[in-house]
Amino acid sequence: MHTVNAESRRVTPSVPSRLAVPTGVLAAVAAAFAYVGTVDPNEPGHYPACPLLRYTGLYCPGCGGLRSAHAFVHGDVPAALHANALATLGYLAFAVLWTVWVVRAVRGRPLRIDPRPGLVWGLGALLLVFTVVRNLPFGGWLHP
């Protein structure tokens, strides 16, 4: 159902229709986590191996992400952090961003993601440092 704003003659979507996309995104993410929580990535043969790890022996930034998600679903945050600390922080960042999205949708305001270049470069640098450190001898604590 839509309402018409008399002053601007714009159609304003109802709250349920504004929440449709965030709800769909949450449902898809919840389904993915439910699958990974059910199908254990620690058991061989369920998921393909990381090609970078398989052919070079180097851990990519995503290595351990499925094990991290599995541990996170089961409430084992220390194991999730050990499997992939960056992915675990990403789950929390997603939760915060999704909550902001829902609040803005309820208020009728669109979610605008317009990161400054410094933030984008900073996140890229964090990803690079994480990847390099986890592949160095002293970064063994970051191995999945």
Side-chain angles (χ1 to χ4, degrees), residues 1-3 5 8 10-144:
M1 176 170 190
H2 300 296
T3 58
N5 184 338
S8 64
R10 286 187 303 161
V11 175
T12 305
S14 65
V15 172
S17 65
R18 291 193 307 258
L19 291 175
V21 174
T23 302
V25 169
L26 181 62
V29 170
F33 269 81
Y35 181 80
V36 173
T38 304
V39 181
D40 190 353
N42 295 301
E43 298 294 324
H46 292 294
Y47 300 97
C50 171
L52 184 68
L53 181 62
R54 173 179 240 153
Y55 296 115
T56 68
L58 297 174
Y59 295 106
C60 78
C63 280
L66 289 173
R67 288 186 291 279
S68 174
H70 181 78
F72 194 82
V73 166
H74 290 278
D76 191 353
V77 176
L81 286 166
H82 181 265
N84 191 318
L86 209 53
T88 305
L89 294 175
Y91 311 147
L92 299 175
F94 170 79
V96 169
L97 183 62
W98 185 85
T99 303
V100 169
W101 187 12
V102 167
V103 169
R104 290 184 66 89
V106 167
R107 293 180 179 169
R109 303 179 77 194
L111 178 65
R112 288 195 171 83
I113 300 175
D114 188 21
R116 304 226 183 272
L119 178 63
V120 174
W121 281 100
L123 290 173
L126 174 66
L127 192 64
L128 180 64
V129 168
F130 175 74
T131 304
V132 169
V133 170
R134 77 188 317 207
N135 284 292
L136 293 175
F138 65 85
W141 56 280
L142 289 174
H143 292 176

Quick check: closest heavy atoms across Val106 and Val15, and the distance to 0.1 Å? O-CG2, 4.1 Å

Looking at residues at least two apart in the chain, or sitting in another chain, which of them share a side-chain contact (heavy atoms from CB on, under 4.5 Å) with Pro117? Trp121

List, one per line, each side-chain donor-acceptor pair under 3.5 Å for residues 20-32, sequence neighbours excluded.
from  : atom 1 : to    : atom 2 : distance (Å)
Thr23 : OG1    : Leu19 : O      : 2.6

Is there a donor-acceptor contact under 3.5 Å from the side chain of Arg18 to the main chain of Ala105? yes

So which atom in Leu53 and which in Cys63 form the shortest heavy-atom distance, rounded to 0.1 Å? CB-SG, 4.2 Å

Nearest 0.5 angstrom please: Ile113 CD1 to Trp101 CH2, how far? 8.0 Å

With sequence neighbours excluded, residues passing side-chain contact (heavy atoms from CB on, under 4.5 Å) with Leu127: Pro61, Leu86

ring-ring contact (aromatic ring centres under 6.0 Å, His included) pairs, two or more places apart, involving residues 17-47: Phe33-Tyr91

How far does OG1 of Thr99 sit from CZ of Arg104, to the nearest 0.5 angstrom? 13.5 Å

Without placing hydrogens or testing angles, list every side-chain donor-acceptor pair under 3.5 Å for residues 137-144, not counting sequence neighbours.
from   : atom 1 : to     : atom 2 : distance (Å)
Trp141 : NE1    : Phe138 : O      : 3.3
His143 : NE2    : Arg134 : O      : 2.8

Please name all residues satisfying side-chain contact (heavy atoms from CB on, under 4.5 Å) with Leu81, sequence neighbours left out, ordered by chain then number. Val77, Ala85, Thr88

For Val129, give me all partners under side-chain contact (heavy atoms from CB on, under 4.5 Å), at least two apart in sequence or on another chain. Val133

Report the residues that fulfil side chain to side chain donor-acceptor pair (under 3.5 Å) with Tyr59, sequence neighbours left out, ordered by chain and then residue number. none

For the residue pair Gly37 and His74, what are the closest heavy atoms and their distance? O-NE2, 2.9 Å

Could you tell me which non-hydrogen atom of Ser68 sits nearest to which non-hydrogen atom of Ala80, and how far apart they are? OG-O, 3.0 Å

Asn42: what forms a side chain to side chain donor-acceptor pair (under 3.5 Å) with it, not counting sequence neighbours? Asp40

Can you check whether Leu52's main-chain N or O pairs, donor with acceptor, with Thr56's side chain at less than 3.5 Å? yes

Heavy-atom pair with the smallest gap, counting every atom of Leu66 and Val36: O-CG1, 3.4 Å

